[in-house]
Amino acid sequence: MKQEVPEIFLKPYDSKEHEEKLYQMWEASGFFNPDICVEKGVTKPDAEAFSIIMPPPNANGRLHAGHGTDMTLKDIMTRFHRMQGKKTLFLPGSDHAGFETQGVFEKKLQKEGRSRFGMDREELYQEIWDFVQENKGAMESDLRALGVSCDWSRNTFTLDPEIVTKVQETFVKMYEDGLIYRGRRSIHWNPKFQTSLSDIETMFEDRKTPFYYFKYGPFTIGTVRPETKFSDKYVVVHPNDKRYVEYEHMQELEVEWINGPIKATVIKDEAADMEKGSGAMTITPWHSAVDFELAQKYNLPMEQIIDWNGKLLPVAGEFAGMNITVAREKIVEKLKEKGLLVEVDEDYVNAVRLCERTGVVVEPQVKDQWFVKMDSFAQSVLDQLASGETNILTTTHEKTLRHWMNNSQDWNISRQIVWGIRIPAWFRTIDGKEEMTASLTEPAGEGWMQDEDTFDTWFSSGQWPVLTLRYPDHQDFKTFYPTSVMETGADLVFKWVPRMMMFGKYLTGKAPFKTIYFHGMVLDKHGKKMSKSKGNVLSPIKLGEEFGTDATRMAFVVANPPGADMPLSEDKVRAYKKFANKIWNISRFTLDSVSDMSHDSEPSYSQRDTEILASLADNTKEITEDIEKFRLHLAAEKIYHYIWHELADKILEESKEVINGEDVAAKLARQHVLKECLVTSLKLLHPFMPYVTEAVWQELPKEIRDRDILMVAQWPKSSS
RNA sequence: GUCCGGUUAGCUCAGCUGGUAGAGCGCUACAUUGACAUUGUAGAGGUCACAAGUUCAAGUCUUGUACCGGACACCA
């Protein structure tokens, strides 16, 4: 009985016609959820687990090319393992992205002529919450458009009440375990956004800054920051510096300085670099991390010169109240008038520390903050790598991470912003004595005030695998922890990844993931960084609309090995759009060729038939292995190559003769072969190009498909 | 300064455990009522930076050279 080939195949594949419908079908089927897969019998109850956690995309923006790679790679692995019959969970979530979001929101306020200062804490929080909810919805619809097969029923937000409580509990536990301390230390201060930052939230930028040499008593000192020098009462020289042998350690001298004579003390310490300038420097402990350490070493007094807004304090005398950028020139002018300016190096290039998110110049300040002791945690991360409990696919990133862990600093986790999880610490002063404690609820007794600060965003996202799987009691935690793979951007190698490793091990005793897969950055077709200002940004959503999501996904994975940056061009995406259409036409041809085939008859294969099936099995084996071993870029290329240059170019071409020939037995055998090639190819390609393969699958006669939905069909066996 | 990379077709890049090289774009020719104009088919194009070594065999492993680049650190 001849079956008509569905009409839909008569025109080229139109992604727009299918994608949304198919996603809705998948979602409605419930098969994104591993529990439902078990319930409905597509996964065995005792099947092995495969789990992957979505790095929470920030809830303040849309999906960009980086996310495109990220989500595509994860979804490929998810779909593959699901088809292999594993209990497969891809768990979605989003991150409140503390300071970053508040920064974005404050810019919005600025545009509206408003400011967060003076706003009520609750009111501000609520406004940001609403702002984020909107963006969060947009982000989630972007993920759906990309065909991401994650389990939306488990969608988690870092500010869900349950998560907030868990994060606070971790703080209390760490406080009680002595892993967190309150310290008065030199921190990075963002004067515009009024918060402290951790090292990794800052970056350096080379700027041409005049380098001034001033006369300081008998010394010549060099500086790029005269505005901090008002109360510099200590001059440091190297103990071996022959120029200064006549001065002794702690010797006092009277020197003429900015606002008149002061008493200066000589410090001899190896921190002074004899090669640099005159070899003598004065120190400003409050506004320099290096100076701060020296001051601590010798127990020197510290004085704040610049206030929290970047203006000079009364210690600056006539310059008090001035913004430091304005004050600098005036101070230099005054020193020049006093004859204390020796020389100016106008070509000096200085590395200025900036806030990574906002570009604001960061001011070192001394402040009481919460710090995580990193020694034991850094060791824990190193141990996880050394023992092989966690394996990083790319050795170069493993080296980077090791290097970072061997040089880790204590981590400042307090932020002076409201958008985040409030630190559950309490302070009070009783009889002039300060007390503090950590507790989820207000401690007993009078006068306790909760810390106003919130956690650094990485403090919560660092616990993500543990939090999303509902440690410690939930069944998800028992089934899916440790997660199988952490696939994320290489830029997170020392931001997010080690924090998850330290928290995961600390809280559960087990590393949070077995394998770490880093992908690189998506660059433009010339290998340049994508940026809005250059106008070379490619949006995965727009590419999907123009060329189809399948084509976009293929472009993100082919020739994109772990760890390396990848240039992306529209041409590349367009090429895979052609491929989607090729699948469409192969399917049409095959369905037409097998339309009068008898499915229950036993074929008698020719030698060539056997060869074709053997080659199919070989390809299946290689592609399966490539995916299992995280060589997704090779698997994608192989399936592409097989379908186009073997199946279409050779097998289909040579089959025309057999199908149209007189030999009924040979025709029947070849029909079985073609059917097998099509079904297997669709399955192999499905993780990469889910839409077009599913669209074809839905048109296949029931006799030749093992499940109604390709997404949960059984992965082909590689041995024939 | 410390630590990492890279050098393969005109361009941008793949190439897993060593077996004389691949993709996309570009280029050339042919093909349009028989799966495919949202094109297809065929083809040209590479002493795999250089040198030495290991090996029966090196783009692939080792060492060195040259030239590019990245990350981190540094505000005297």
Side-chain angles (χ1 to χ4, degrees), chain A residues 5 9-15 199-200 203-207 209 211-213 220-225 228 236 271-273 275-284 287-291 345 348-353 361-364 394-400 402-404 406-407 490-491 493-494 520-521 523-527 547-548 551 554-555 558-561 563-593 622 625-626 629-631 633-638 640-641 644 648-649 652-653 656 660:
Chain A
V5 174
F9 285 111
L10 296 178
K11 51 184 184 173
Y13 175 68
D14 179 4
S15 57
D199 296 350
I200 59 169
M203 59 178 186
F204 288 94
E205 188 178 283
D206 282 343
R207 288 193 183 169
T209 316
F211 190 97
Y212 304 99
Y213 291 95
T220 300
I221 58 150
T223 184
V224 288
R225 301 204 60 196
T228 64
V236 185
D273 184 351
E275 307 293 316
K276 210 152 192 172
S278 61
M281 63 176 183
T282 60
I283 56 170
T284 317
H287 299 289
S288 157
V290 178
D291 296 359
D345 177 359
Y348 188 79
V349 176
N350 184 32
V352 182
R353 196 187 276 265
V361 176
V362 165
E363 182 67 53
T394 35
T395 50
T396 160
H397 294 105
E398 188 179 335
K399 282 180 191 168
T400 307
R402 282 221 169 101
H403 181 247
W404 191 266
N406 283 321
N407 297 285
D491 54 328
V493 65
F494 42 73
M521 227 188 318
L523 308 170
D524 77 0
K525 62 178 167 184
H526 303 292
F547 303 107
M554 275 300 265
V558 174
N560 185 13
D565 291 347
M566 182 193 69
L568 180 69
S569 64
E570 284 199 2
D571 284 340
K572 187 174 177 187
V573 184
R574 192 177 290 115
Y576 294 108
K577 179 180 178 174
K578 289 198 275 183
F579 183 51
N581 196 48
K582 192 77 180 173
I583 309 292
W584 199 241
N585 284 302
I586 287 169
S587 304
R588 171 182 169 186
F589 176 81
T590 306
L591 287 179
D592 195 32
S593 301
E622 282 186 33
E625 274 181 20
D626 280 339
K629 294 186 176 157
F630 306 101
R631 301 186 295 245
H633 62 301
L634 294 182
E637 209 166 345
K638 261 175 209 162
Y640 171 85
H641 211 268
W644 201 311
D649 288 357
L652 295 191
E653 286 304 325
K656 287 174 183 170
N660 296 324

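Order of the sequence lines fixes the chain letters, A, B, ..., with proteins taken first and strands second; residue numbering starts at 1 for each chain.
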* **Nearest to side-chain heavy atoms of A/F494, which nucleotide of B/U38, B/C75, B/C72** => B/C72
* To do: Compare the minimum distances between each of B/U38, B/C25, B/C36 and the side chain of A/R588, then state the nucleotide with the smallest one.
  => B/C36
* To do: Could you list the residues that satisfy ring-ring contact (aromatic ring centres under 6.0 Å, His included) with A/H397, not counting sequence neighbours?
  => A/F518
Distance between [atom1] atoms of [N] and [M] (Å, rounded):
{"N": "B/C30", "M": "B/U47", "atom1": "C1'", "value": "32 Å"}
{"N": "B/U63", "M": "B/G45", "atom1": "C1'", "value": "33 Å"}
{"N": "B/U32", "M": "B/C25", "atom1": "C1'", "value": "24 Å"}

* In dot-bracket, 5' to 3', how would RNA chain B read with Watson-Crick or G-U wobble pairs under 3.5 Å, [ ] for crossing ones and | for pairs to another strand? -> (((((((..((((.....[..)))).(((((.......))))).....(((((..]....))))))))))))....
* Across the strands shown, which category fits A/K399 at heavy-atom distances under 4.0 angstrom: base, sugar-phosphate, nothing? -> sugar-phosphate
* May I ask you to evaluate whether A/W644 reaches the phosphate of B/U41, defined as a side-chain N or O under 4.0 Å from OP1 or OP2? => yes
* Under-4.0 Å side-chain N/O to phosphate OP1/OP2 contact, A/K582 with B/A35 -> no
* Assert yes or no for the condition that the ring centre distance of A/F547 to A/Y576 is strictly below 6.0 Å. => no
* Nearest non-hydrogen partners of A/G548 and A/S15, listed with the distance -> CA-OG, 3.4 Å
